[in-house]
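Report on the structure given below.
Just so it is clear: chains get the letters A, B, ... in the order the sequence lines come, proteins before strands, and each one is counted from 1. As the structure is a computational prediction, the values presented were derived from the model and not from experiment.
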There are 2 protein chains.
Amino acid sequence: MEAITHSRADTFPIGELSRLTGVNIETIRYYERIGMLPAPPRSEGGRRVYDQHHTRVLAFIRRGRELGFTLDEIKALLALGGPERAPCGEVSEIATKHLDDIRTKIADLRKLERLLGQTIDRCEGGTAPECPVLDILSPEPRRRA
Amino acid sequence: MEAITHSRADTFPIGELSRLTGVNIETIRYYERIGMLPAPPRSEGGRRVYDQHHTRVLAFIRRGRELGFTLDEIKALLALGGPERAPCGEVSEIATKHLDDIRTKIADLRKLERLLGQTIDRCEGGTAPECPVLDILSPEPRRRA
DNA sequence: CGTGCATCCTGTAGTGACTACAGGAGCAAG
DNA sequence: CTTGCTCCTGTAGTCACTACAGGATGCACG
């Protein structure tokens with residue numbers, strides 16, 4: 001097994017970019033198609049040739065996704081300067097809105113967790129005459145207005 | 001087999017079912033198409049005619065979705081007896097797995113909340129020389145130091 | 001009995017963020 | 001030259017809906 005070495009030019013194909021950033025090859029091409037990632041130059045054979053700049057942008061996108069930002073939010077963040085510097089105000093506005101969303105989601109999930117957890121407990125305690133999980137799933141049908 | 005109050009003609013069209021259950025008309029038709037909801041009989045003019053049975057099944061599906069179950073999970077639950085009775089064991093197995101997923105999600109979101117919250121705070125405290133939100137988004141710490 | 005309008009029908013396409021092929025071309029090693 | 005890997009384009013599938021377009025039906029009102 002020979003080590004994969006590429007030239008001093010510091011450019012690499014899509015597979016290498018994928019390995020460097022942990023982003024799926026298909027996803028990289030998808031990002032290019034929807035304009036998230038700038039289209040790189042091509043080799044003579046028509047292959048995409050990337051460099052460090054792409055690595056940084058793609059890593060930025062990936063990190064943003066991990067933090068739960070939508071691609072549109074990340075696009076906005078990139079427009080505000082991306083991996084380079086940018087005005088704090090607008091950036092933290094997007095981030096704060098996102099944080100609100102996260103907190104709402106956590107609250108919702110916690111309510112769910114409590115309800116479901118208690119219900120399953122009653123199930124396993126064997127104190128219920130009929131399955132309690134199915135009970136919470138069967139609400140009273142609403143009366144006609 | 002006992003029928004469900006057919007004495008008076010309490011059947012209704014899709015719009016009424018939608019109102020009764022709070023499920024979008026388009027979504028009801030979608031559920032029918034993918035086999036979540038049994039296809040109802042049709043009127044002479046070809047319109048769907050529903051009764052209380054459909055209301056109960058659809059309300060069950062809706063409640064399941066609110067609780068974050070996937071349609072496939074709900075389908076399994078329905079197969080286990082749906083709004084009628086069913087064995088507790090298999091039901092709570094599905095529910096417990098789902099509860100695990102919820103807890104994982106909550107933990108992930110909490111980590112996110114902490115990181116993002118702290119970062120935005122630093123942003124607003126104005127103590128940072130450069131935008132901290134963009135910093136956590138850039139995994140590469142400003143190369144060429 | 002006609003008219004208008006709400007409701008309904010089918011079918012298709014769009015959403016977000018990917019993922020999974022099919023079918024072919026490039027390229028380096030043995 | 002052959003093998004086998006990587007890469008290319010293009011299309012379609014995923015999940016759970018949602019949004020039309022373009023037409024048919026049903027019912028109240030005049």
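- Per the geometry, CG belonging to A:Leu17 stands 10 Å off P belonging to D:dC7, to the nearest Å.
- For the pair A:Phe12 CZ and D:dC7 C1', the computed distance is 16 Å after rounding to whole Å.
- Residue B:His53 holds its NE2 atom at 14.5 Å from OG1 of B:Thr11, rounded to the nearest 0.5 Å.
- For the OP1/OP2 pair of D:dC15 and a distance below 4.0 Å, the side-chain nitrogens and oxygens of B:Tyr30 include no atom meeting the criterion.
- For B:Glu32, the side chain to side chain donor-acceptor pair (under 3.5 Å) partners two or more places apart in sequence, or in a different chain, are B:Arg48.
- Under the rule for a salt bridge (charged side-chain N to carboxylate O under 4.0 Å, His left out), B:Arg110 has no partner lying at least two apart in sequence or in another chain.
- In terms of position on DNA chain C, the residue among A:Glu44 and A:Thr70 whose nearest nucleotide sits closer to the 5' end is A:Thr70.
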Distances for protein N or O near nucleotides 8-12 of chain D N or O, under 3.5 Å:
residue: D:dC8; atom: OP1; partner: A:Arg48; partner atom: N; Å: 2.8
residue: D:dC8; atom: OP1; partner: A:Arg48; partner atom: NH1; Å: 3.0
residue: D:dC8; atom: OP2; partner: A:Arg29; partner atom: NH1; Å: 2.7
residue: D:dC8; atom: OP2; partner: A:Arg48; partner atom: NH1; Å: 3.3
residue: D:dC8; atom: O5'; partner: A:Arg48; partner atom: NH1; Å: 3.4
residue: D:dC8; atom: O3'; partner: A:Arg42; partner atom: NH1; Å: 3.4
residue: D:dT9; atom: OP1; partner: A:Arg42; partner atom: NH1; Å: 3.2
residue: D:dT9; atom: OP1; partner: A:Arg42; partner atom: NH2; Å: 2.9
residue: D:dT9; atom: OP2; partner: A:Arg48; partner atom: NH1; Å: 3.0
residue: D:dT9; atom: OP2; partner: A:Arg48; partner atom: NH2; Å: 2.7

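- Under the side chain to side chain contact (heavy atoms under 4.5 Å, CB included) criterion, A:Thr21 pairs with A:Leu17, A:Val23, A:Thr55, A:Leu58, sequence neighbours left out.
- Checking the phosphate oxygens (OP1, OP2) of D:dT18, a side-chain nitrogen or oxygen of B:Thr27 falls inside 4.0 Å.
- Counting heavy atoms from C-beta on, the side chains of A:Asn24 and A:Ser18 never come closer than 4.5 Å.
- Taking atom CD1 of B:Ile34 as the reference point, atom C1' of D:dC15 lies 9 Å away to the nearest angstrom.
- When the side-chain nitrogen and oxygen atoms of B:Asn24 are compared with OP1 and OP2 of D:dC17, none of them lie within a distance under 4.0 Å.
- Within the 4.0 Å cut-off from OP1 or OP2 of D:dC17, at least one side-chain nitrogen or oxygen of B:Tyr31 is found.
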Please report, to 0.1 Å, the donor-acceptor pairs under 3.5 Å made by any side chain of residues 72-79 of chain A, with sequence neighbours excluded.
residue: A:Glu73; atom: OE1; partner: A:Thr70; partner atom: N; Å: 2.8
residue: A:Lys75; atom: NZ; partner: A:Ile34; partner atom: O; Å: 3.4

Between side-chain atoms of residues 100-109 of chain B and protein atoms elsewhere (two or more places apart, or another chain), which donor-acceptor pairs fall under 3.5 Å?
residue: B:Asp101; atom: OD1; partner: B:Lys97; partner atom: NZ; Å: 3.1
residue: B:Asp101; atom: OD2; partner: B:Lys97; partner atom: NZ; Å: 3.0
residue: B:Arg103; atom: NE; partner: A:Glu113; partner atom: OE2; Å: 2.7
residue: B:Thr104; atom: OG1; partner: B:Asp100; partner atom: O; Å: 3.0

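- For the pair A:Asp101 CG and C:dG16 C1', the interatomic distance rounds to 15 Å; values are reported in whole Å.
- The distance from atom CD1 of B:Ile28 to atom C1' of D:dT18 is 14 Å, rounded to the nearest whole Å.
- Atom CD in B:Glu32 sits about 14 Å away from atom P in C:dC8, given to the nearest Å.
- Across the protein-nucleic acid pair, A:Ile61 atom CD1 and C:dC18 atom C1' stand 13 Å apart, rounded to whole Å.
- One atom, CG of B:Asp72, and another, C1' of D:dA16, lie 11 Å apart when rounded to the nearest Å.
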